[in-house]
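See below for the structure under consideration.
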Amino acid sequence: VNNYMTSTKQSSVSYSYVFPNTPLSMSVALKHSQNSNTGSIDLTLPEFAFNMSRIYPFKRKKAVGKSRFYEKISIAYTMNATNKIRTNDADFFNIPYDSITNGIIHRIPINASFKLFKYTTLTPSFNYNERWYFKRFSKQWNDSENLLETDYASTFARVWDYNASLSWSTTIYGMFNFRKGKVKALRHVFSPNVSFSYGPDFGKEKYKYYGTYSRVMYNNSTGQYDTVSNMYSMFEGLPYGTPNKGGSGTVNITLGNNL
């Protein structure tokens, strides 16, 4: 009988700070994980976060009269950065480039809420994300070796995306009174909501987030060899992913009833 025991050593240290009298905060962490059986080592050196909680940049410090519509626009900001290393005992002082993944992402959500025609609420939102990567890779099919080759290139890449949404809602109240009986009245609350969201197709060639490689494959249906094109992300495996390809647009209608 063979007995296997997995021994994993983990350690981490972190620090966080909130800037007094501001919406700003930050945190930093260092992490280490090591498997004694396989010799694999995972390092996060470092993991950094900087945050600005929601603010209203156009709001007057001393309001006079009614509030302006632009005073209800809010904005927040988050920045995350990470540098991860995967290696082993034997290569600890000779870490290959493809074992290092790092990146920085900036997230900026912008929201607002406006009264429309006094009794309805219009809520637009816009989200912008920007990733900073320091390498991208390309793929190519090697027919002679019958394998997929991946090549990394050191470069700075801005990988950005955005999405937007808009919702409209209102609440309608109704009351029906009974003159007789134990039930005095019925109260009806009707809450319709219509929302729309949109995200562009970031798989288009102009964004340069995705590449293609070709491979000759045998087609059983036709008995011939066809050239098949395959799409891949140039930033696959990096910490903050790649914007979605295909795009999206949705409309949701919700009717709420409370009797």
Side-chain angles (χ1 to χ4, degrees), residues 8 31-35 37-48 78-108 127-164 198-250:
T8 302
K31 300 178 181 179
H32 160 266
S33 177
Q34 182 174 0
N35 188 301
N37 287 348
T38 63
S40 64
I41 301 173
D42 291 301
L43 302 171
T44 303
L45 303 171
E47 191 172 71
F48 178 77
T78 300
M79 187 270 281
N80 296 96
T82 188
N83 183 66
K84 296 183 178 181
I85 302 170
R86 170 159 287 187
T87 185
N88 52 59
D89 294 332
D91 297 326
F92 188 76
F93 295 102
N94 188 26
I95 299 172
Y97 182 64
D98 58 2
S99 296
I100 302 174
T101 58
N102 47 35
I104 301 171
I105 187 169
H106 308 268
R107 297 183 178 95
I108 305 175
N127 298 289
Y128 179 80
N129 307 297
E130 180 167 318
R131 305 157 186 83
W132 291 354
Y133 290 139
F134 305 96
K135 66 179 178 181
R136 73 170 74 211
F137 67 86
S138 59
K139 292 184 178 183
Q140 183 175 345
W141 183 260
N142 188 325
D143 288 320
S144 60
E145 299 291 336
N146 197 33
L147 58 81
L148 183 62
E149 297 177 335
T150 301
D151 294 322
Y152 285 89
S154 297
T155 184
F156 174 74
R158 290 178 58 245
V159 183
W160 55 271
D161 71 278
Y162 67 88
N163 59 77
Y198 169 74
D201 178 8
F202 290 101
K204 292 182 178 179
E205 187 178 354
K206 66 179 181 179
Y207 295 108
K208 298 181 179 180
Y209 298 160
Y210 292 85
T212 58
Y213 68 89
S214 299
R215 179 185 178 186
V216 178
M217 300 182 67
Y218 182 75
N219 190 324
N220 291 321
S221 301
T222 62
Q224 297 178 343
Y225 286 92
D226 297 331
T227 300
V228 180
S229 181
N230 298 276
M231 181 178 284
Y232 66 92
S233 166
M234 296 182 180
F235 308 98
E236 183 180 300
L238 295 184
Y240 304 110
T242 312
N244 293 329
K245 63 179 184 292
S248 65
T250 60

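Note: hydrogens, waters and symmetry copies are ignored here, and every other heavy atom, side chains too, is used. On a predicted model such as this, the values are computed, not experimentally measured, just so you know.
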Hey, what do you get for OH (Tyr128) to CD1 (Ile108), rounding to the nearest 0.5 Å?
7.5 Å
Contact between Asn127 and Tyr162 at the side-chain level, heavy atoms closer than 4.5 Å - yes or no?
no
Close side-chain approach of Asn83 to Pro46, heavy-atom, < 4.5 Å:
yes
Heavy-atom side-chain proximity of Ile95 to Ile100 below 4.5 angstrom:
yes
Given the rule in the side chain to side chain contact (heavy atoms under 4.5 Å, CB included) test, do His106 and Trp132 qualify, once you have shown the distances and angles that lead to the verdict?
CA-CA 8 Å; His106 308 268; Trp132 291 354; 3.6 Å; yes
Given side chains that start at C-beta, do those of Ile104 and Met79 come closer than 4.5 Å, heavy atoms only?
yes
Other residues, nucleotides, ligands: >12 heavy atoms within 6.0 Å of Arg86 CZ
no
Quick one: side-chain contact (heavy atoms from CB on, under 4.5 Å) partners of Ser248, sequence neighbours excluded?
none
Please list every donor-acceptor pair under 3.5 Å in which a side-chain atom of residues 221-234 meets a protein atom from a residue at least two apart or in another chain.
residue : atom : partner : partner atom : Å
Thr222  : OG1  : Gln224  : N            : 3.3
Asp226  : OD2  : Asn219  : ND2          : 2.8
Tyr232  : OH   : Lys139  : N            : 3.0
Ser233  : OG   : Phe235  : N            : 3.1
Ser233  : OG   : Glu236  : N            : 3.3
Ser233  : OG   : Thr242  : OG1          : 2.5

Kindly give the heavy-atom pair with the smallest separation between Phe134 and Asn102, and that separation in Å.
CD1-OD1, 3.5 Å
Please set out all donor-acceptor pairs under 3.5 angstrom arising from side-chain atoms of residues 206-214, sequence neighbours excluded.
residue : atom : partner : partner atom : Å
Tyr209  : OH   : Trp160  : N            : 2.9
Tyr209  : OH   : Trp160  : O            : 2.9
Tyr210  : OH   : Pro243  : O            : 2.6

Who are the side-chain contact (heavy atoms from CB on, under 4.5 Å) partners of Asn244, not counting sequence neighbours?
none
What's the spacing between Thr101 OG1 and Lys135 NZ if we round to 0.5 Å?
6.5 Å
Counting N and O atoms only, with roles assigned by atom type, does the side chain of Asn163 sit under 3.5 Å from a partner on the main chain of Tyr198, one being a donor and the other an acceptor?
no
Sorted by chain and residue number, the side-chain hydrogen bond (donor to acceptor under 3.5 Å, both in side chains) partners of Gln34 (sequence neighbours excluded) come out as His32, Asp89
For Gly103 and Pro239 the tightest heavy-atom approach is N-CG, 4.1 Å
Donor-acceptor contacts, no H, no angles, side chain residues 145-157, under 3.5 Å, sequence neighbours left out:
residue : atom : partner : partner atom : Å
Glu149  : OE2  : Asn142  : ND2          : 2.7
Ser154  : OG   : Tyr97   : OH           : 3.3

Between atom NZ of Lys84 and atom CG of Leu43, what is the distance when rounded to the nearest 0.5 Å?
12.0 Å
Side chain to side chain contact (heavy atoms under 4.5 Å, CB included) assessment of Tyr240 paired with Val159
CA-CA 10 Å; Tyr240 304 110; Val159 183; over 6 Å; no
Once rounded to the nearest 0.5 Å, what's the spacing between atom CG of Asn129 and atom CZ of Arg107?
6.5 Å
